[in-house]
Each structure stands twice: as structure tokens, then as C-alpha cells.
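Inspection log for the structure reproduced underneath, given as C-alpha cells.
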Amino acid sequence: TDLWYLYYDGSYIMTKNNNSYNWLDQGSSVCNQAQVGEMSDVKNVFYSACWNRSALPAAMLSRKNVSMWGVLKKCIGMELSKITMPVIFNEPLSFLQRLTEYMEHTYLIQKASTSQDSIHRMKCVAAFAVSAVASQWERTGKPFNPLLGETYELLREDLGFRWVSEQVSHHPPVSAFHVEGIKSDFMFHGSIYPKLKFWGKSVEAEPRGIITLELPLHNEAYTWTNPTCCVHNIIMGQLWIEQYGNVEIINHKTGERCCLTFKPCGIFGKELHKVEGYILDKSKKKICALYGKWTECLYSVDPATFDAHRKSDTKRSEKDRKGSTQVTDNDHDHTESETVQVIPGSALIWRISPRPDNSGKYYAFTSFALQLNELNAEMERVLPQTDCRLRPDIRALENGDIDAASAEKNRLEEKQRTARKNRSKSDEEWKISRWFHQGPNPYTGAPDWLYTGGYWDRNYSHLPDIY
């Protein structure tokens with residue numbers, strides 16, 4: 001049988017059968033014909049929304065008159081996941097939705113999948129790992145903590161993937177996700193436990209959990225962990241973000257590794273946002289050097305050239321710097337605005353997508369992030385009742401109603417506490433996760449949450465009422 005796709009647009013459905021496209025009115029008799037019968041069972045068909053939203057319903061509210069110190073002064077050294085924060089410090093996304101921003105540069109995975117060279121594949125995977133944290137630049141709003149059992153799905157046929165995630169644990173908070181390439185060209189999955197700590201002037205998010213990327217065409221699997229993220233000047237001054245720490249990406253088939261260092265700002269700020277490292281073969285020989293900034297771009301270059309450049313440490317004039325920006329993609333339009341000094345002979349692997357002009361008005365969101373909480377009537381018919389888009393507190397904040405958002409947030413937290421108490425009193429076994437299960441990571445053996453399957457069958461009758 002041919003595969004049918006649904007594209008929701010108001011009260012109409014567009015179907016694709018091979019290369020034939022047809023618009024069908026949902027109320028027409030056409031939907032009752034045998035050929036359309038399976039398609040009309042929406043539970044068993046994927047949706048694909050029109051991802052055109054370029055703004056939120058309301059601009060973010062000013063935080064100038066709200067004291068963060070009043071909330072955090074008793075929390076120095078504590079883990080912030082247990083601290084209730086005022087809604088004004090949130091952005092209108094759940095952490096599950098924030099995780100989905102890993103996929104903004106999915107094309108890098110697809111390039112890796114189609115490459116026949118393992119070193120080039122590693123370059124693409126390394127660039128994807130760097131790009132996955134790029135959306136955090138200038139994002140100083142805190143995402144909402146997911147409720148236990150909360151889910152989020154995203155099907156982007158235009159980008160070639162479908163995503164499902166679930167909050168599988170509350171204490172400690174663990175978010176699990178599983179992504180499949182629509183063309184079966186990759187699987188990307190992991191479980192994240194961000195440990196947040198307040199250190200007086202900054203909030204540090206230490207990543208915990210393994211990220212795994214599988215490329216079936218090459219029978220390869222890559223694993224890594226994210227760098228640490230830190231938000232500075234929490235009490236006063238201009239908020240700014242840095243990422244730091246070592247990230248090791250391992251190709252478990254070839255033994256090749258990419259060892260990246262996200263550099264801390266340093267005293268004079270010269271290292272701010274910088275990332276650099278090497279791709280090593282299984283004998284630990286340097287094959288390639290990578291460098292750039294996680295806020296801008298990533299380049300590759302011969303390791304000997306890179307080492308010589310680092311040792312020289314001489315200041316080049318602006319003229320010389322522009323003369324060194326000859327890159328293999330012959331794209332010179334953006335290099336003048338970059339702050340990365342491009343080493344001669346370098347090849348561009350990745351460059352960040354520009355943010356919309358109204359990004360500052362909407363929580364410093366990227367174009368991708370602006371669309372994550374988009375909801376229309378047709379999507380609402382398909383989504384499970386646990387999806388983030390249906391959370392009333394997030395929706396109220398997105399609409400600019402801070403009072404309703406705060407009231408709903410308090411109500412949901414109290415409802416979650418009550419449900420937890422009732423579960424502890426009950427003799428019945430309560431299944432924590434519907435779509436994931438605990439188990440060892442198949443490549444590292446470390447504790448992980450793995451996708452059980454069945455989500456896209458659209459049978460959601462067994463889901464809890466969490467909102």
C-alpha cells in the first residue's frame with residue numbers, strides 16, 4: 001500500500017500518494033471511500049504542521065524590577081531543580097522542547113550518513129555536537145521543568161526527522177528522547193539529567209547523561225556528553241552565557257575519536273565561546289584539527305598547520321585577517337562579520353543559522369525555537385494529552401499573561417505532589433514511563449533510558465492526566 005501523509009491547514013487535508021497531491025475537505029464524502037478510510041483514522045497517521053510561525057503571541061515581559069537575589073540568596077551551592085522559581089524568569093518552553101533544539105542543524109547528520117569517508121563523517125558529527133548547544137547563546141530564560149509523564153513530539157518532514165521525548169523521572173529529573181530519520185538514515189537518542197547549581201553570581205548547568213547517534217548505513221554509533229553551561233551575572237549586570245569542558249565523541253566501530261575543548265572565558269575574555277580539538281584515529285594519531293566558536297562556526301584544518309598557528313600567537317592586522325578567510329565553500333559574505341580568525345587552508349564545516357530580527361523581543365529564540373510551541377486545532381486532535389503544547393502555564397506565559405501562568409504553574413506543581421503522595425499510598429504498581437525504559441546504553445554500558453516503541457501508533461488511552 002502507498003504511504004499517505006497528512007498536512008494540516010485549517011479544515012483541509014492534503015494527501016500525497018506517490019507523486020500525486022490532493023486536497024480533501026474533511027467533511028466531504030471522499031473521506032468515507034475505502035481508499036481514504038485508513039487515512040482518515042488520524043491516530044495512525046503522522047501529522048506535519050505548517051511551520052511558518054515567525055513570532056510569539058506576546059513579547060517577553062521585562063525582568064528589570066524583579067530581584068533574582070531574593071529568590072536565590074538561600075540557595076548558594078544547592079541544586080536548583082528543587083527550587084521553585086517565579087514564572088517571570090522562565091521562557092515559554094518546557095525543557096523537553098528546549099532539548100528538541102538539538103535538531104536545528106539536522107542536515108549535518110544527513111551529510112554524515114551520505115559520506116563514504118569515516119573522517120568526514122566524524123567532522124559532521126562533531127559539528128552537529130557543537131551546533132546542538134548553539135541555540136543557548138543569549139538564552140537567559142529558564143525553561144519550565146517538565147512534569148513526570150510529560151511528553152513532546154515533533155515531526156518535521158522538511159528537516160527529515162521525527163522526535164519523541166518524555167520526562168521519565170522527577171527526582172532526579174531525567175528527560176529521555178528518541179529521534180528517527182524519516183528516511184531511516186539515522187537514530188539519535190539519549191537521556192539528560194541537568195544538574196543546576198547556584199554559586200552566588202552564576203548558575204551552572206552540569207550535563208549528565210549519554211547522547212548516542214547511530215548511522216545504520218555505516219553500522220556506526222557515536223556517543224558523547226555535552227559541555228557545562230554557565231549563566232553569569234545572575235544578581236546584577238548584563239547576563240551572559242558560556243560553555244566549557246571537554247567533549248569526547250567516540251566512533252565505536254572504527255575507534256576514531258574527536259576530542260573537543262569548550263574553552264572558559266578566561267580573565268581577559270579572549271577565549272570566550274571558543275571550541276577546538278582534534279580528530280584522532282584508533283592509534284591516537286592526529287588526523288585533523290577542528291576550531292571555531294559554538295556561537296558562530298566550526299572549521300577543519302591540517303593539525304600541523306593548526307599547531308603552528310597556535311604557537312605563533314601574533315596579532316594580525318584586520319587586512320591580514322580578511323586575507324586569511326579563504327574557505328573551501330567560496331562563501332565570503334559572512335566571514336567579515338565573524339570573530340573567528342580563519343587559518344589559511346581551512347574548510348568550513350558548519351555555520352550557525354542567523355536569528356530573526358525580532359529574536360531579542362521573544363526570549364532570544366531562534367526561528368526554530370519560535371515554532372516549537374505552535375499549536376493548531378488539527379494538531380490538538382492528534383497529540384497525546386501529555387504533550388507540552390497543552391500545558392496551560394507555558395501557554396499563558398507565551399500569551400503574555402504572567403498572572404495566569406504563575407497560577408497554573410502552582411496548580412500543576414501541587415497536582416503533581418498530590419499524585420506522588422497517592423502513588424506512594426497505593427499498592428498498585430505504577431509504570432513510571434510509557435515510552436522509555438531503563439537499561440544500559442548499548443555502546444557504553446552506562447545507565448540510560450531507551451525507547452520502548454509504540455508512540456507513533458497513536459494509542460494514548462493509557463496516559464495519565466497531568467495537566
Side-chain angles (χ1 to χ4, degrees), residues 99 102 105 108 112 118-119 121-137 188-197 199 202-213 220-232 240-252 254-301 303 306-307 309-311 313 340 343 349-350 352 441 443-448:
L99 283 178
Y102 285 166
H105 301 276
L108 291 166
S118 65
I119 299 300
R121 289 196 295 275
M122 180 62 87
K123 290 179 185 179
C124 294
V125 174
F128 175 75
V130 173
S131 75
V133 301
S135 66
Q136 296 184 33
W137 179 44
F188 178 56
H189 53 91
S191 52
I192 305 296
Y193 166 28
K195 193 166 186 179
L196 305 178
K197 284 194 175 182
W199 296 114
S202 62
V203 172
E204 184 181 73
E206 178 189 350
R208 299 196 176 183
I210 299 167
I211 295 174
T212 304
L213 172 65
E220 289 180 340
Y222 302 79
T223 59
W224 68 91
T225 57
N226 282 330
T228 295
C229 179
C230 189
V231 182
H232 293 272
W240 62 279
I241 294 175
E242 67 173 331
Q243 307 266 359
Y244 48 78
N246 296 322
V247 173
E248 184 180 54
I249 305 168
I250 303 173
N251 183 330
H252 290 269
T254 66
E256 294 157 349
R257 297 168 184 254
C258 179
C259 301
L260 296 173
T261 299
F262 287 72
K263 295 199 166 187
C265 176
I267 298 176
F268 301 107
K270 293 175 64 176
E271 304 295 300
L272 182 62
H273 304 325
K274 283 189 176 180
V275 55
E276 59 186 40
Y278 300 93
I279 295 177
L280 313 173
D281 65 15
K282 61 181 179 182
S283 63
K284 298 185 178 180
K285 177 185 176 183
K286 293 179 182 178
I287 303 299
C288 174
L290 304 178
Y291 70 96
K293 288 189 175 182
W294 60 269
T295 55
E296 295 181 22
C297 54
L298 191 70
Y299 290 90
S300 65
V301 72
F306 180 71
D307 291 340
H309 178 82
R310 286 210 305 177
K311 290 178 181 178
D313 196 30
V340 173
I343 302 170
I349 311 173
W350 162 77
I352 194 170
N441 182 280
Y443 305 101
T444 68
D448 203 352

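- In plain terms, the two heavy atoms of Leu260 and Val275 that are nearest each other are CB-CG2, 4.3 Å.
- Annotation: Trp350, atom CH2; neighbour count of heavy atoms from other residues, nucleotides and ligands within 6.0 Å is above 12.
- At least one side-chain heavy atom of Trp240 sits less than 4.5 Å from a side-chain heavy atom of Leu272.
- With values rounded to the nearest 0.5 angstrom, Ser283 atom OG is found 10.0 Å from Glu256 atom CD.
- Smallest separation of non-hydrogen atoms from Ile349 and Ser300: CD1-CB, 3.7 Å.
- Note that CG of Leu213 is 9.5 Å distant from CD of Glu220, once rounded to the nearest 0.5 Å.
- The shortest non-hydrogen separation linking Pro227 to Val133 is CD-CG1, 4.2 Å.
- Using a cut-off of 4.0 Å between Lys/Arg side-chain N and Asp/Glu carboxylate O, Glu276 and Arg310 are scored as salt-bridged.
- Considering only heavy atoms from C-beta on, Lys286 comes within 4.5 Å of Leu280 through its side chain.
- Inter-residue side-chain proximity for Leu298 and Val340 is flagged as unmet; no heavy-atom pair is nearer than 4.5 Å.
- Between Glu204 and Tyr244 the shortest side-chain heavy-atom distance falls below 4.5 Å.
- In this structure, His273 and Trp294 have perpendicular ring planes: the angle between them is above 60°, well past the 30° mark.
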*Test log, rule side-chain hydrogen bond (donor to acceptor under 3.5 Å, both in side chains), inputs Tyr278 and Asp307*: CA-CA 11 Å; Tyr278 300 93; Asp307 291 340; 2.4 Å; yes
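- The NZ atom of Lys293 lies 12.5 Å from the CD1 atom of Ile352; values are rounded to the nearest 0.5 Å.
- Once rounded to the nearest 0.5 Å, the distance linking OG of Ser135 with NE2 of His105 reads 8.0 Å.
- Atom OG1 of Thr444 is separated from atom CD1 of Ile250 by 8.5 Å, given to the nearest 0.5 angstrom.
- Proximity of a side-chain donor or acceptor of Glu242 to a complementary backbone N or O of Cys265 within less than 3.5 Å is detected.
- Atom CG of Asp281 sits about 12.0 Å away from atom CG of Asn251, to the nearest 0.5 Å.
- Here the side chains of Ser191 and Ile210 are not in contact, with every heavy-atom distance at 4.5 Å or above.
- Looking only at side-chain heavy atoms (C-beta outward), Pro207 and Thr225 stay at 4.5 Å or farther from each other.
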_Working note: Ile343 + Tyr299, criterion side chain to side chain contact (heavy atoms under 4.5 Å, CB included); need CA distance, chi angles, decisive distance, verdict._
CA-CA 9 Å; Ile343 302 170; Tyr299 290 90; over 6 Å; no
*Walk me through it: do Thr212 and Asn441 pass the test side-chain hydrogen bond (donor to acceptor under 3.5 Å, both in side chains)?*
CA-CA 9 Å; Thr212 304; Asn441 182 280; 3.0 Å; yes
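- Not one N or O on the side chain of Tyr102 forms a donor-acceptor pair closer than 3.5 Å with the backbone of Phe188.
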*Between Leu290 and Ile279, is a side chain to side chain contact (heavy atoms under 4.5 Å, CB included) present by the stated rule, with each step listed?*
CA-CA 8 Å; Leu290 304 178; Ile279 295 177; 4.2 Å; yes
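- Annotation: side chain of Trp224 is in contact with side chain of Phe128 (closest heavy-atom distance under 4.5 Å).
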*Please step through side chain to side chain contact (heavy atoms under 4.5 Å, CB included) for the pair Cys229 and Ile241, ending with a clear verdict.*
CA-CA 7 Å; Cys229 179; Ile241 294 175; 3.7 Å; yes
*Under the side chain to side chain contact (heavy atoms under 4.5 Å, CB included) criterion, do Thr295 and Gln243 qualify, and how do the steps go?*
CA-CA 10 Å; Thr295 55; Gln243 307 266 359; over 6 Å; no
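- Side-chain contact between Cys258 and Val125 is absent, with no heavy-atom pair separated by less than 4.5 Å.
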